[in-house]
Amino acid sequence: MTYQSPATEIPPSHADLRREMRADVCIESVLGSSMLGKRKVELLDISNLGCRVACSLDVPVGTHIVLTIPTLSPIGAQVRWSRHGGLGLRFATPLHPLVLERIVALNRPH
């Protein structure tokens, strides 16, 4: 399992189409599914509805995955887009505002 961080090469997705603003973060996380197994990814931004991760995987849109962020329970999500070394995920259940606030406060990029 090789982890590469192409974060600087991934263009942001279409922010104007989002319902919620995303906060920039930099969190090593794990993406898993029955098709992919478990893979390390870098969480780049997050909102209560979804997130963007950097990874070198080519995952089909619509794939159901589980995202594990350190210190949190696994979060179910669906791949909404896959391009340029990154994935856009929509959470199956929105994050509670306090959980999102904690993630952002503890994991701002340096």
Same cluster (ILVMFWY, side-chain, under 4.5 Å), V30 and F91: no
Path from V53 to M35 over hydrophobic side-chain contacts below 4.5 Å: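 Yes.
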Residues I27, I103; criterion side-chain contact (heavy atoms from CB on, under 4.5 Å); working and verdict: CA-CA 9 Å; I27 308 167; I103 293 168; 3.6 Å; yes
Inter-residue atom distance D45.CG - C26.SG, 0.5 Å rounding: 11.5 Å
Interatomic distance, R39 atom CZ to S33 atom OG [nearest 0.5 angstrom]: 9.0 Å
Side-chain heavy-atom pair K40, E28 within 4.5 angstrom cut-off: yes
Side-chain touch C55/E42, heavy atoms, less than 4.5 angstrom: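 With C-beta onward as the side chain, the pair stays apart.
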Working for side-chain contact (heavy atoms from CB on, under 4.5 Å), residues L31 and L89: CA-CA 11 Å; L31 192 72; L89 307 177; 4.0 Å; yes
Any donor-acceptor pair under 3.5 Å from R52 side chain to I46 backbone: no
Closest approach of V61 to S82 (non-hydrogen atoms, all atoms of both residues): CG2-N, 4.3 Å
Minimum-distance pair of heavy atoms, taken over all atoms of S47 and M21: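 That would be CB-O, 3.4 Å.
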Could you pull out all donor-acceptor pairs under 3.5 Å where a side-chain atom in residues 62-80 meets a protein atom, sequence neighbours excluded?
from	atom 1	to	atom 2	distance (Å)
T63	OG1	P60	O	2.7
Q78	NE2	G62	O	3.1

